[in-house]
Structure formats: C-alpha cells, structure tokens
Amino acid sequence: EQWTPVFERLRSGLEHLSGVRVLSPLEQAGVSCVPVVSILVDGWDVHDLATVLDTNFGIEVRAGWHCAALTHASIGSEKSHGTLRLSPGRGTSMAEIDYTLQALRDILGQ
C-alpha cells in the first residue's frame, strides 16, 4: 500500500517517544493492520493533548473512547479518557509525519 512507509514512520516515531504507549498492533492473525494508531501519553488526558495539537500545531487527531468504552477498562485508558488516535491517509507526507512527531516531542519536552 502507498501509505505503508508513512504509517511505519509514524508508528516507529511514536514508539521512540518516552511516555508514549502505542496500543495498535502491526498485525492481527496474519492480516496487516489499517493505518490507524492509538496511543496513551503519560500524564495527559487525551482530549487536552488533542486540543494542544490542534490549537498550537494545526494537527487534527481524534480523542476519546472511539465507540469502544468497555475496551478501555481492559487496556487501562480510563484515567486519560480513552486514547489519542492518529490516522495518516494516502495524501499524508513524510514531512507531515515528522512535523507531528516533532510537535509531540515539543509538547513532552523531549
């Protein structure tokens, strides 16, 4: 798929950020995943983090329960009010991924 290198860069970059827990699997039963990644960030409510990304950096993400409220009890995301979801598309560039990762580093003081 065309989005695969962009998604891999996003996922890899997120995995290297201190305090960020990546929750999305790369594969499920031998089937490749869709380019959506959910994360938790230590010390952050996902809605607050989404607001900072949007307001200060112009980055749009989705925050919340994602129509799976009961799942959040099993993954430990109740305190953060769900997860932060990032989903690059076919038109997302490597530069946009790098900008997003840098924005998160700036916010987290990394």
Side-chain angles (χ1 to χ4, degrees):
E1 287 289 329
Q2 177 180 346
W3 51 261
T4 301
V6 170
F7 178 64
E8 288 174 356
R9 186 177 202 130
L10 173 63
R11 186 180 173 85
S12 175
L14 291 169
E15 288 173 343
H16 286 93
L17 292 175
S18 179
V20 174
R21 180 175 157 210
V22 177
L23 299 167
S24 304
L26 283 175
E27 283 191 3
Q28 190 79 348
V31 177
S32 295
C33 66
V34 295
V36 175
V37 62
S38 286
I39 63 172
L40 292 173
V41 180
D42 291 346
W44 281 89
D45 176 288
V46 293
H47 299 283
D48 294 340
L49 185 53
T51 299
V52 171
L53 285 167
D54 182 33
T55 303
N56 296 352
F57 298 93
I59 299 170
E60 296 179 11
V61 295
R62 183 153 187 254
W65 306 113
H66 311 299
C67 300
L70 296 178
T71 300
H72 294 276
S74 67
I75 63 173
S77 58
E78 306 96 339
K79 284 185 180 181
S80 63
H81 299 108
T83 63
L84 188 76
R85 191 165 69 187
L86 300 96
S87 53
R90 291 188 184 275
T92 304
S93 69
M94 289 291 192
E96 290 169 318
I97 296 300
D98 291 342
Y99 177 73
T100 300
L101 294 170
Q102 185 58 54
L104 286 166
R105 282 192 291 273
D106 290 350
I107 292 166
L108 300 175
Q110 299 179 26

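Values reported hereafter were calculated over all heavy atoms of this structure, with side chains retained and with hydrogens, waters and symmetry mates removed.
- The two atoms that bring Pro35 and Pro88 nearest to each other are O-CD, 3.3 Å, heavy atoms only.
- The two residues Leu108 and Ser18 have their closest heavy-atom pair at CD1-O, 4.1 Å.
- Side chain of Ser12 to main chain of Glu8: no donor-acceptor pair is present (N/O by atom type, distance under 3.5 Å, no hydrogens or angles).
- No hydrogens or angles considered: a donor-acceptor pair under 3.5 Å links the side chains of Gln102 and Asp106.
- A donor-acceptor pair is defined here as one N or O able to donate and one able to accept, closer than 3.5 Å; such a pair exists between the side chain of Tyr99 and the backbone of Phe57.
- Considering every non-hydrogen atom in both Met94 and Val6, the closest pair reads CE-N, 3.9 Å.
- Inter-residue side-chain proximity for Leu84 and Trp44 is flagged as unmet; no heavy-atom pair is nearer than 4.5 Å.
- Leu104 places a side-chain heavy atom less than 4.5 Å from the side chain of Leu14.
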Requested in this report: For salt bridge (charged side-chain N to carboxylate O under 4.0 Å, His left out), just list the numbers for Asp42 and Arg21, CA-CA rounded to whole Å, side-chain angles, deciding distance to a tenth of an Å, and then say yes or no.
Outcome: CA-CA 8 Å; Asp42 291 346; Arg21 180 175 157 210; over 6 Å; no

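- The CD atom of Glu60 sits 11.0 Å away from the CG atom of Leu53 when rounded to the nearest 0.5 Å.
- Residues Val61 and Thr100 are not in side-chain contact: their nearest non-hydrogen atoms beyond the backbone lie 4.5 Å or more apart.
- Using a 4.5 Å cut-off on side-chain heavy atoms (C-beta onward), Val37 and Arg85 make no contact.
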